[in-house]
Amino acid sequence: MKFAARISLIKPSPTLAIQAKANALKATGRDIISFGAGEPDFDTPQNIKAAAARAMEAGFTKYTAVGGIDELKDAVIAKLQRDNGLSYRRSEVVVSCGAKHSLFNLAHILFEEGDEVLVPSPYWVSYTDIIYLTGAKPVVMTTKEAEGFKLQPAQLEAAITPRTRALILNNPSNPAGVCYTKKELEALAEVIVRKGILVVSDDIYEKIMYDDQPFYTLASLSDELKRLAIVVNGVSKSYAMTGWRIGYIAAAEEIVANVTKYQSQNTSNATSIAQKAAVEALNGPQESVAAMGREFQKRRDVIVARLNAIEGVKCLNPQGAFYVFPNVSAFYGRSYGDKKITNSAEMATYLLDESNVALVPGADFGHDDHIRLSYATSMALIEAGLERIRQALGKLR
Ligand code: PMP
Ligand code: GLU
(Lines give C-alpha, C1' and ligand atoms only; values in the text may rest on other atoms or scores of the structure.)
(Ligands and ions follow the chains in the order given, each with its own letter.)
Protein backbone atom coordinates (compact mmCIF):
# COMPACT_ATOMS: atom_id res chain seq x y z
CA MET A 1 0.00 0.00 0.00
CA LYS A 2 1.15 3.53 -0.62
CA PHE A 3 1.57 5.66 2.48
CA ALA A 4 2.14 9.37 2.87
CA ALA A 5 5.83 10.25 2.76
CA ARG A 6 5.67 11.82 6.23
CA ILE A 7 5.20 8.49 8.00
CA SER A 8 8.61 7.33 6.80
CA LEU A 9 10.22 10.39 8.40
CA ILE A 10 9.78 8.92 11.86
CA LYS A 11 10.38 5.76 13.87
CA PRO A 12 8.15 4.26 16.57
CA SER A 13 8.86 5.81 20.00
CA PRO A 14 11.89 3.76 21.20
CA THR A 15 10.95 4.10 24.86
CA LEU A 16 7.44 2.79 24.26
CA ALA A 17 8.82 0.09 21.93
CA ILE A 18 11.21 -1.23 24.62
CA GLN A 19 8.39 -1.24 27.14
CA ALA A 20 6.16 -3.18 24.73
CA LYS A 21 8.98 -5.67 24.05
CA ALA A 22 9.61 -6.16 27.80
CA ASN A 23 5.90 -6.72 28.41
CA ALA A 24 5.66 -9.19 25.52
CA LEU A 25 8.64 -11.17 26.86
CA LYS A 26 7.13 -11.16 30.37
CA ALA A 27 3.90 -12.54 28.91
CA THR A 28 5.85 -15.52 27.52
CA GLY A 29 7.01 -16.27 31.06
CA ARG A 30 10.47 -14.71 30.91
CA ASP A 31 11.64 -13.14 34.13
CA ILE A 32 12.27 -9.64 32.73
CA ILE A 33 13.26 -6.68 34.90
CA SER A 34 12.33 -3.52 33.03
CA PHE A 35 14.16 -0.22 33.34
CA GLY A 36 12.45 0.77 30.07
CA ALA A 37 9.72 3.39 29.85
CA GLY A 38 9.69 6.23 32.32
CA GLU A 39 6.48 5.77 34.21
CA PRO A 40 6.07 5.95 37.98
CA ASP A 41 5.35 2.52 39.47
CA PHE A 42 3.15 4.14 42.14
CA ASP A 43 -0.60 3.96 41.82
CA THR A 44 -2.47 7.20 41.10
CA PRO A 45 -3.31 8.67 44.55
CA GLN A 46 -6.72 7.64 45.89
CA ASN A 47 -8.18 11.17 46.12
CA ILE A 48 -7.54 11.62 42.39
CA LYS A 49 -9.14 8.31 41.43
CA ALA A 50 -12.14 9.15 43.64
CA ALA A 51 -12.61 12.49 41.83
CA ALA A 52 -12.75 10.67 38.49
CA ALA A 53 -15.22 8.12 39.86
CA ARG A 54 -17.45 10.92 41.17
CA ALA A 55 -17.33 12.66 37.79
CA MET A 56 -18.32 9.49 36.00
CA GLU A 57 -21.17 8.77 38.41
CA ALA A 58 -22.41 12.34 38.01
CA GLY A 59 -22.61 11.81 34.25
CA PHE A 60 -19.66 14.05 33.40
CA THR A 61 -19.08 11.88 30.35
CA LYS A 62 -19.71 14.18 27.39
CA TYR A 63 -17.63 16.43 25.17
CA THR A 64 -16.15 19.38 27.00
CA ALA A 65 -14.75 22.64 25.66
CA VAL A 66 -11.92 21.74 23.25
CA GLY A 67 -9.18 23.40 25.28
CA GLY A 68 -10.33 22.04 28.63
CA ILE A 69 -12.95 22.79 31.29
CA ASP A 70 -12.70 26.14 33.07
CA GLU A 71 -12.26 24.36 36.39
CA LEU A 72 -9.10 22.66 35.11
CA LYS A 73 -7.79 25.80 33.45
CA ASP A 74 -8.29 27.57 36.79
CA ALA A 75 -6.45 24.77 38.60
CA VAL A 76 -3.55 25.11 36.13
CA ILE A 77 -3.56 28.89 36.56
CA ALA A 78 -3.50 28.51 40.37
CA LYS A 79 -0.65 25.96 40.12
CA LEU A 80 1.46 28.21 37.91
CA GLN A 81 0.90 31.12 40.31
CA ARG A 82 1.61 29.08 43.43
CA ASP A 83 4.61 27.08 42.21
CA ASN A 84 6.16 29.34 39.60
CA GLY A 85 4.97 32.87 40.40
CA LEU A 86 3.42 33.11 36.92
CA SER A 87 0.07 34.80 36.12
CA TYR A 88 -2.03 33.56 33.22
CA ARG A 89 -5.63 34.02 32.12
CA ARG A 90 -7.92 31.24 30.91
CA SER A 91 -7.32 32.33 27.33
CA GLU A 92 -3.61 31.60 27.86
CA VAL A 93 -4.06 27.94 28.91
CA VAL A 94 -4.97 24.90 26.80
CA VAL A 95 -5.34 21.30 28.01
CA SER A 96 -4.41 18.39 25.72
CA CYS A 97 -4.16 14.58 25.83
CA GLY A 98 -0.79 14.45 27.62
CA ALA A 99 2.25 16.70 27.35
CA LYS A 100 3.33 14.75 24.26
CA HIS A 101 0.13 15.92 22.58
CA SER A 102 0.73 19.48 23.83
CA LEU A 103 4.21 19.40 22.27
CA PHE A 104 2.90 17.88 19.04
CA ASN A 105 0.19 20.54 18.69
CA LEU A 106 2.62 23.32 19.47
CA ALA A 107 5.14 22.08 16.93
CA HIS A 108 2.46 21.92 14.26
CA ILE A 109 1.19 25.44 14.77
CA LEU A 110 4.68 26.96 15.02
CA PHE A 111 7.10 25.08 12.76
CA GLU A 112 7.23 24.37 9.05
CA GLU A 113 9.63 23.58 6.24
CA GLY A 114 12.67 25.82 6.32
CA ASP A 115 12.55 26.30 10.09
CA GLU A 116 15.21 25.08 12.49
CA VAL A 117 14.38 23.99 16.02
CA LEU A 118 17.18 23.71 18.57
CA VAL A 119 17.34 20.62 20.75
CA PRO A 120 20.10 20.04 23.33
CA SER A 121 21.24 16.42 23.45
CA PRO A 122 20.87 14.05 25.16
CA TYR A 123 17.21 14.72 24.31
CA TRP A 124 13.92 12.97 24.93
CA VAL A 125 13.31 10.55 22.04
CA SER A 126 10.14 12.22 20.74
CA TYR A 127 11.38 15.79 20.20
CA THR A 128 13.23 15.15 16.95
CA ASP A 129 10.48 13.07 15.36
CA ILE A 130 7.78 15.56 16.35
CA ILE A 131 9.85 18.26 14.66
CA TYR A 132 10.43 16.14 11.52
CA LEU A 133 6.67 15.67 11.15
CA THR A 134 6.22 19.45 10.78
CA GLY A 135 8.77 19.63 7.92
CA ALA A 136 11.17 21.63 10.09
CA LYS A 137 14.70 20.50 10.92
CA PRO A 138 15.87 19.63 14.42
CA VAL A 139 19.30 21.11 15.12
CA VAL A 140 20.93 19.04 17.82
CA MET A 141 23.34 20.78 20.20
CA THR A 142 25.46 18.07 21.79
CA THR A 143 26.19 18.84 25.42
CA LYS A 144 29.21 17.45 27.25
CA GLU A 145 29.16 14.84 29.95
CA ALA A 146 32.02 16.73 31.63
CA GLU A 147 29.70 19.79 31.84
CA GLY A 148 26.92 17.72 33.40
CA PHE A 149 25.12 17.61 30.02
CA LYS A 150 24.14 21.26 30.49
CA LEU A 151 23.55 23.49 27.50
CA GLN A 152 26.08 26.33 27.53
CA PRO A 153 25.01 29.86 26.53
CA ALA A 154 27.83 30.16 23.94
CA GLN A 155 26.78 26.85 22.41
CA LEU A 156 23.19 28.06 22.16
CA GLU A 157 24.27 31.32 20.59
CA ALA A 158 26.47 29.56 18.01
CA ALA A 159 23.57 27.33 16.93
CA ILE A 160 21.13 30.19 16.28
CA THR A 161 20.66 31.16 12.61
CA PRO A 162 18.08 33.34 10.86
CA ARG A 163 16.05 30.15 10.40
CA THR A 164 15.89 29.32 14.12
CA ARG A 165 12.32 29.37 15.41
CA ALA A 166 12.67 27.90 18.87
CA LEU A 167 14.67 26.06 21.49
CA ILE A 168 13.17 23.08 23.28
CA LEU A 169 14.47 22.98 26.84
CA ASN A 170 13.59 20.07 29.11
CA ASN A 171 14.28 20.83 32.77
CA PRO A 172 14.65 18.52 34.72
CA SER A 173 15.71 16.49 31.73
CA ASN A 174 14.98 13.07 30.37
CA PRO A 175 17.33 11.12 30.08
CA ALA A 176 20.21 12.75 32.02
CA GLY A 177 18.32 14.29 34.96
CA VAL A 178 19.84 17.71 34.28
CA CYS A 179 18.40 20.52 36.43
CA TYR A 180 19.36 24.10 35.65
CA THR A 181 19.98 26.53 38.46
CA LYS A 182 18.42 29.99 38.32
CA LYS A 183 21.79 31.45 37.40
CA GLU A 184 22.29 29.00 34.55
CA LEU A 185 18.81 29.72 33.21
CA GLU A 186 19.49 33.46 33.40
CA ALA A 187 22.61 33.00 31.30
CA LEU A 188 20.64 31.07 28.66
CA ALA A 189 17.82 33.64 28.92
CA GLU A 190 20.20 36.46 28.04
CA VAL A 191 20.90 34.78 24.68
CA ILE A 192 17.23 33.88 24.11
CA VAL A 193 16.04 37.46 24.68
CA ARG A 194 18.86 39.07 22.67
CA LYS A 195 18.17 36.75 19.72
CA GLY A 196 14.39 36.84 20.16
CA ILE A 197 13.78 33.11 19.72
CA LEU A 198 10.89 31.18 21.24
CA VAL A 199 11.48 28.58 23.93
CA VAL A 200 9.36 25.53 24.54
CA SER A 201 9.97 24.75 28.20
CA ASP A 202 9.10 21.13 28.92
CA ASP A 203 8.61 21.14 32.69
CA ILE A 204 7.00 17.70 32.98
CA TYR A 205 9.52 16.54 35.66
CA GLU A 206 9.24 19.75 37.71
CA LYS A 207 8.08 17.93 40.84
CA ILE A 208 10.82 15.32 40.73
CA MET A 209 13.94 17.15 41.88
CA TYR A 210 16.51 16.09 44.44
CA ASP A 211 18.78 17.41 47.17
CA ASP A 212 16.42 20.35 47.83
CA GLN A 213 17.38 22.08 44.59
CA PRO A 214 14.66 24.64 43.76
CA PHE A 215 12.92 24.55 40.36
CA TYR A 216 12.77 27.55 38.02
CA THR A 217 11.08 27.80 34.66
CA LEU A 218 12.33 30.27 32.05
CA ALA A 219 8.99 32.11 31.74
CA SER A 220 9.24 33.20 35.38
CA LEU A 221 12.54 35.05 34.93
CA SER A 222 11.21 38.26 33.33
CA ASP A 223 8.28 39.74 31.39
CA GLU A 224 10.24 39.39 28.19
CA LEU A 225 10.89 35.71 28.90
CA LYS A 226 7.22 35.18 29.67
CA ARG A 227 6.47 36.46 26.16
CA LEU A 228 9.02 34.14 24.53
CA ALA A 229 8.69 31.01 26.68
CA ILE A 230 5.89 28.50 26.33
CA VAL A 231 5.29 26.39 29.42
CA VAL A 232 4.49 22.73 28.79
CA ASN A 233 3.58 20.56 31.75
CA GLY A 234 1.17 17.84 32.79
CA VAL A 235 0.12 15.44 35.50
CA SER A 236 1.64 12.18 34.17
CA LYS A 237 4.87 12.15 36.15
CA SER A 238 4.11 14.27 39.23
CA TYR A 239 0.91 12.43 40.14
CA ALA A 240 1.59 8.96 38.67
CA MET A 241 -1.09 9.58 36.05
CA THR A 242 0.57 8.46 32.81
CA GLY A 243 -2.51 6.61 31.59
CA TRP A 244 -4.93 9.48 32.17
CA ARG A 245 -3.41 11.57 29.36
CA ILE A 246 -3.59 15.14 30.60
CA GLY A 247 -1.02 17.75 29.63
CA TYR A 248 -1.22 21.50 29.23
CA ILE A 249 0.36 24.58 27.72
CA ALA A 250 0.49 28.10 29.17
CA ALA A 251 1.52 30.76 26.67
CA ALA A 252 0.54 33.93 24.84
CA GLU A 253 -3.12 34.06 23.84
CA GLU A 254 -2.44 33.76 20.09
CA ILE A 255 -0.41 30.56 20.61
CA VAL A 256 -3.12 29.05 22.78
CA ALA A 257 -5.86 30.05 20.31
CA ASN A 258 -4.03 28.32 17.46
CA VAL A 259 -3.32 25.18 19.50
CA THR A 260 -7.01 25.04 20.43
CA LYS A 261 -8.04 25.47 16.78
CA TYR A 262 -5.63 22.69 15.72
CA GLN A 263 -6.82 20.40 18.51
CA SER A 264 -10.46 21.02 17.55
CA GLN A 265 -9.67 19.24 14.29
CA ASN A 266 -7.77 16.32 15.75
CA THR A 267 -8.67 14.98 19.21
CA SER A 268 -11.25 17.53 20.42
CA ASN A 269 -11.12 17.73 24.24
CA ALA A 270 -9.01 15.56 26.54
CA THR A 271 -11.11 12.90 28.33
CA SER A 272 -13.78 14.53 30.49
CA ILE A 273 -13.30 12.41 33.61
CA ALA A 274 -9.50 12.62 33.35
CA GLN A 275 -9.85 16.40 33.38
CA LYS A 276 -11.80 16.19 36.65
CA ALA A 277 -9.10 13.90 38.05
CA ALA A 278 -6.44 16.45 37.04
CA VAL A 279 -8.36 19.21 38.86
CA GLU A 280 -8.12 17.13 42.04
CA ALA A 281 -4.44 16.38 41.38
CA LEU A 282 -3.58 20.07 41.10
CA ASN A 283 -5.95 21.46 43.77
CA GLY A 284 -5.98 18.57 46.26
CA PRO A 285 -3.46 17.51 48.91
CA GLN A 286 0.13 17.37 47.62
CA GLU A 287 1.65 15.00 50.22
CA SER A 288 1.79 12.08 47.80
CA VAL A 289 3.96 14.11 45.40
CA ALA A 290 6.54 14.74 48.11
CA ALA A 291 6.39 11.11 49.27
CA MET A 292 7.04 9.83 45.74
CA GLY A 293 9.89 12.33 45.37
CA ARG A 294 11.55 11.09 48.57
CA GLU A 295 11.30 7.49 47.37
CA PHE A 296 12.74 8.38 43.94
CA GLN A 297 15.68 10.08 45.64
CA LYS A 298 16.44 6.94 47.69
CA ARG A 299 16.34 4.86 44.52
CA ARG A 300 18.57 7.31 42.70
CA ASP A 301 21.14 7.06 45.45
CA VAL A 302 21.16 3.27 45.24
CA ILE A 303 21.18 2.95 41.45
CA VAL A 304 23.93 5.54 40.94
CA ALA A 305 26.10 3.91 43.61
CA ARG A 306 25.54 0.44 42.16
CA LEU A 307 26.34 1.55 38.64
CA ASN A 308 29.52 3.37 39.63
CA ALA A 309 30.63 0.31 41.61
CA ILE A 310 30.81 -1.64 38.34
CA GLU A 311 34.27 -1.27 36.87
CA GLY A 312 34.04 0.49 33.49
CA VAL A 313 30.66 2.16 34.14
CA LYS A 314 30.55 5.91 34.73
CA CYS A 315 27.30 7.48 35.89
CA LEU A 316 26.61 11.13 36.75
CA ASN A 317 24.34 11.89 39.68
CA PRO A 318 21.00 13.09 38.25
CA GLN A 319 19.40 16.04 40.03
CA GLY A 320 15.88 15.32 38.81
CA ALA A 321 13.48 13.08 36.84
CA PHE A 322 13.80 9.31 37.33
CA TYR A 323 16.44 8.21 34.88
CA VAL A 324 20.14 7.43 34.97
CA PHE A 325 22.24 7.73 31.84
CA PRO A 326 25.49 5.83 32.50
CA ASN A 327 28.41 5.80 30.10
CA VAL A 328 29.17 2.19 29.15
CA SER A 329 31.51 2.86 26.22
CA ALA A 330 34.42 1.20 28.08
CA PHE A 331 32.78 -2.11 27.14
CA TYR A 332 32.52 -1.36 23.43
CA GLY A 333 34.79 -3.65 21.45
CA ARG A 334 34.42 -6.47 24.01
CA SER A 335 32.66 -9.79 23.37
CA TYR A 336 30.89 -12.63 25.08
CA GLY A 337 31.01 -15.77 22.95
CA ASP A 338 30.03 -14.69 19.45
CA LYS A 339 28.34 -11.52 20.72
CA LYS A 340 30.43 -8.43 20.17
CA ILE A 341 29.29 -5.13 21.65
CA THR A 342 30.15 -2.06 19.59
CA ASN A 343 27.34 0.39 20.39
CA SER A 344 24.44 1.16 22.74
CA ALA A 345 21.85 -0.78 20.74
CA GLU A 346 24.00 -3.92 20.87
CA MET A 347 24.58 -3.33 24.57
CA ALA A 348 20.83 -3.07 25.23
CA THR A 349 20.20 -6.24 23.21
CA TYR A 350 23.01 -8.07 25.02
CA LEU A 351 21.67 -7.10 28.45
CA LEU A 352 18.17 -8.17 27.48
CA ASP A 353 19.31 -11.52 26.03
CA GLU A 354 21.95 -12.30 28.63
CA SER A 355 20.44 -10.90 31.82
CA ASN A 356 16.72 -10.33 31.10
CA VAL A 357 17.09 -6.62 31.80
CA ALA A 358 15.30 -4.14 29.54
CA LEU A 359 16.68 -0.62 29.06
CA VAL A 360 16.95 1.96 26.27
CA PRO A 361 20.05 2.52 24.08
CA GLY A 362 21.62 5.96 24.49
CA ALA A 363 21.71 6.40 20.71
CA ASP A 364 17.95 7.01 20.80
CA PHE A 365 18.70 10.08 22.94
CA GLY A 366 21.59 11.17 20.72
CA HIS A 367 24.48 9.68 22.80
CA ASP A 368 25.68 6.27 21.71
CA ASP A 369 28.20 5.92 24.57
CA HIS A 370 25.34 5.65 27.06
CA ILE A 371 22.31 3.59 28.05
CA ARG A 372 19.22 4.82 29.88
CA LEU A 373 17.63 3.15 32.86
CA SER A 374 14.38 4.35 34.39
CA TYR A 375 14.38 3.82 38.15
CA ALA A 376 10.65 4.38 38.49
CA THR A 377 10.50 0.82 39.72
CA SER A 378 10.79 -0.85 43.12
CA MET A 379 14.00 -0.89 45.15
CA ALA A 380 13.97 -4.71 45.12
CA LEU A 381 13.89 -4.77 41.31
CA ILE A 382 16.59 -2.10 41.14
CA GLU A 383 18.87 -4.19 43.36
CA ALA A 384 18.17 -7.40 41.45
CA GLY A 385 18.44 -5.76 38.03
CA LEU A 386 21.75 -4.07 38.85
CA GLU A 387 23.21 -7.34 40.05
CA ARG A 388 22.22 -8.93 36.74
CA ILE A 389 23.82 -6.08 34.81
CA ARG A 390 27.00 -6.34 36.88
CA GLN A 391 27.27 -10.03 36.13
CA ALA A 392 26.53 -9.67 32.42
CA LEU A 393 29.07 -6.85 32.00
CA GLY A 394 31.60 -8.96 33.91
CA LYS A 395 31.38 -11.64 31.23
CA LEU A 396 32.50 -9.31 28.45
CA ARG A 397 36.12 -9.79 27.43
N1 PMP B 1 8.29 15.30 27.94
C2 PMP B 1 9.21 14.45 28.40
C3 PMP B 1 10.61 14.91 28.57
C4 PMP B 1 8.87 13.13 28.72
O5 PMP B 1 9.79 12.29 29.18
C6 PMP B 1 7.55 12.71 28.54
C7 PMP B 1 7.28 11.27 28.84
N8 PMP B 1 6.15 10.71 28.69
C9 PMP B 1 6.61 13.64 28.05
C10 PMP B 1 7.02 14.92 27.76
C11 PMP B 1 5.19 13.32 27.78
O12 PMP B 1 4.44 12.97 28.88
P13 PMP B 1 2.87 12.76 28.80
O14 PMP B 1 2.47 12.76 27.36
O15 PMP B 1 2.59 11.47 29.47
O16 PMP B 1 2.26 13.92 29.52
N1 GLU C 1 8.53 9.71 28.53
C2 GLU C 1 8.69 8.38 29.04
C3 GLU C 1 10.03 7.82 28.61
O4 GLU C 1 10.85 8.54 28.10
C5 GLU C 1 7.52 7.50 28.67
C6 GLU C 1 7.48 6.97 27.28
C7 GLU C 1 7.43 8.05 26.25
O8 GLU C 1 6.38 8.67 26.10
O9 GLU C 1 8.51 8.30 25.68
O10 GLU C 1 10.29 6.67 28.81
Side-chain angles (χ1 to χ4, degrees), residues 10-23 34-41 44 68 72 76 94-107 119-131 138 149 167-180 199-209 215 217 230-250 263 267 270-271 274-275 277-278 281-282 296 318 320-325 348 358-367 370-377:
I10 59 166
K11 56 188 179 317
S13 161
T15 46
L16 296 179
I18 300 272
Q19 190 66 5
K21 190 170 173 189
N23 288 341
S34 181
F35 296 117
E39 128 162 296
D41 55 321
T44 303
L72 180 50
V76 168
V94 51
V95 175
S96 303
C97 310
K100 190 183 275 181
H101 188 218
S102 302
L103 289 161
F104 187 93
N105 285 342
L106 255 185
V119 180
S121 83
Y123 47 76
W124 177 44
V125 294
S126 289
Y127 292 147
T128 43
D129 280 5
I130 288 174
I131 296 165
F149 290 122
L167 159 72
I168 302 186
L169 195 74
N170 180 209
N171 173 40
S173 84
N174 175 3
V178 173
C179 295
Y180 290 87
V199 190
V200 177
S201 182
D202 181 347
D203 298 351
I204 192 89
Y205 295 102
E206 166 184 11
K207 297 286 179 194
I208 307 167
M209 287 187 55
F215 171 81
T217 190
I230 300 158
V231 176
V232 176
N233 207 329
V235 296
S236 283
K237 315 289 173 172
S238 313
Y239 301 96
M241 289 178 72
T242 45
W244 299 76
R245 311 309 302 132
I246 297 288
Y248 57 84
I249 291 166
Q263 183 164 304
T267 57
T271 306
Q275 290 190 59
L282 294 172
F296 282 135
F322 37 60
Y323 309 100
V324 274
F325 199 55
L359 42 78
V360 191
D364 290 322
F365 305 87
H367 285 243
H370 297 253
I371 51 177
R372 189 197 80 171
L373 291 78
S374 161
Y375 52 89
T377 190

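Remember, it's 1-based here, ligands and their atoms both numbered in the order they're listed. Bear in mind that the values here come from a model prediction, so they are computed numbers and not experimental data.
Residues satisfying the salt bridge (charged side-chain N to carboxylate O under 4.0 Å, His left out) criterion with Lys207, sequence neighbours excluded, are Asp83. Residues forming a side chain to side chain contact (heavy atoms under 4.5 Å, CB included) with Ala37 (at least two apart in sequence, or on another chain): Gln19. For the salt bridge (charged side-chain N to carboxylate O under 4.0 Å, His left out) test, residues two or more places apart in sequence or in another chain that qualify with Lys11 are Asp129.
For the side chain to side chain contact (heavy atoms under 4.5 Å, CB included) with Ser13, the lone residue among Val125, Asp364, Ile18 that qualifies is Val125.
A distance-only check finds a donor-acceptor pair linking the side chain of Gln275 to the backbone of Ala270 [under 3.5 Å]. Not a single donor-acceptor pair under 3.5 Å links the side chain of Ser374 to the backbone N or O of Phe35.
Nearest protein heavy-atom neighbour of atom 2 (C) of ligand 2: Lys237 NZ, 3.4 Å. From the protein, the heavy atom lying nearest to atom 5 (C) of ligand 2 is Gly38 O, 3.6 Å. In terms of protein heavy atoms, atom 7 (C) of ligand 2 is closest to Thr15 OG1, 3.3 Å.
Side chains of Leu169 and Tyr180 form a contact here, defined as non-hydrogen atoms less than 4.5 Å apart. The shortest side-chain heavy-atom distance between Phe325 and Pro122 falls under the 4.5 Å cut-off. Ile204 has its side chain out of reach of Val232: every pair of non-hydrogen atoms, C-beta onward, lies at least 4.5 Å apart. With contacts defined as side-chain heavy-atom distances shorter than 4.5 Å, the pair Ser236/Arg245 qualifies.
Within ligand 2, counting atoms from 1 as listed, the ones closer than 4.0 Å to a heavy atom of Trp124 are 1 (N), 4 (O), 7 (C), 8 (O), 9 (O). Near Tyr323, meaning under 4.0 Å from any of its heavy atoms, are these atoms of ligand 2: 2 (C), 3 (C), 4 (O), 10 (O).
Between the side chains of Ser96 and Gln263, a donor-acceptor pair is found at a separation under 3.5 Å.
Residue contacts with ligand 2 for Phe322 are absent, since no atom lies close enough (heavy atoms, distance under 4.0 Å). Contact annotation for Asn174 and ligand 2: only side-chain heavy atoms (C-beta onward) come within less than 4.0 Å of the ligand. By the criterion of a heavy-atom distance under 4.0 Å, the side chain of Leu16, and not its backbone, is placed next to ligand 2.
Any N or O atom pair closer than 3.5 Å counts here, and Ala37 shares no such pair with ligand 2.
A heavy-atom separation below 4.0 Å is not found between Gln19 and ligand 2. The shell of residues lying under 4.0 angstrom from ligand 2, judged by heavy atoms, includes Lys100.
Contact shell of ligand 1 (protein heavy atoms, cutoff 4.0 Å): Gly98, Ala99, Lys100, Trp124, Tyr127, Asn170, Asn174, Asp202, Ile204, Tyr205, Ser236, Lys237, Arg245.
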